[in-house]
Amino acid sequence: LGDNSDLNQQHHVQVTEEEHAAIERLQQMFGIEKARVVEAFLACERNEELAANYLLEHGHDDDQDDWSDDDVILISKALFIYLQFFEQTL
């Protein structure tokens with residue numbers, strides 16, 4: 001059997017206070033584990049809006065079959081409201 005120590009390692013990423021707040025907002029909005037949110041945020045070059053779009057489309061790929069139509073509508077509405085707020089703060 002191989003050594004599984006790499007599987008249990010945590011990776012640390014430095015983020016600014018603003019980026020940390022963005023990650024927290026995304027996690028609250030989508031209700032998924034922080035690691036997945038951070039992964040999306042970094043993959044989207046630390047762009048909160050792009051990460052939100054990515055998570056909307058791919059955030060729950062593992063359990064996508066469990067989503068009801070109402071879930072998708074609520075998330076879409078939340079994203080729309082969030083994007084309106086985000087544009088106002090620019």
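What you see below is based on every heavy atom in this structure, not just the backbone, and it leaves out hydrogens, waters and symmetry mates. Positions are given from 1, in the same order as the sequence printed here.
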Residue list, side chain to side chain donor-acceptor pair (under 3.5 Å) with Glu18, at least two apart or on another chain: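 For Glu18, the residues satisfying side chain to side chain donor-acceptor pair (under 3.5 Å) (neighbours in sequence not counted) are Thr16.
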
Residues that Glu24 engages under side chain to side chain donor-acceptor pair (under 3.5 Å), provided they are two or more places apart: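 Result, side chain to side chain donor-acceptor pair (under 3.5 Å) vs Glu24: Lys34.
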
Cluster check Val37, Leu42: I/L/V/M/F/W/Y, side chain < 4.5 angstrom: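 Linked, Val37 and Leu42 end up in one cluster.
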
When rounded to the nearest 0.5 angstrom, what distance separates [atom1] in [X] from [atom2] in [Y]?
{"X": "Ile32", "Y": "Glu39", "atom1": "CD1", "atom2": "CD", "result": "9.5 Å"}
{"X": "Glu48", "Y": "Asn53", "atom1": "CD", "atom2": "CG", "result": "11.0 Å"}
{"X": "Tyr54", "Y": "Arg36", "atom1": "OH", "atom2": "CZ", "result": "8.0 Å"}

Counterpart residues, side chain to side chain contact (heavy atoms under 4.5 Å, CB included), relative to Ala51 (two or more places apart):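 If we apply the side chain to side chain contact (heavy atoms under 4.5 Å, CB included) test to Ala51, skipping adjacent residues, the hits are Leu26, Phe41, Cys44.
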
Val15 to Arg46 - nearest heavy-atom pair and separation: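 Distance-wise, the nearest heavy atoms are CG1-NH1, 3.8 Å.
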
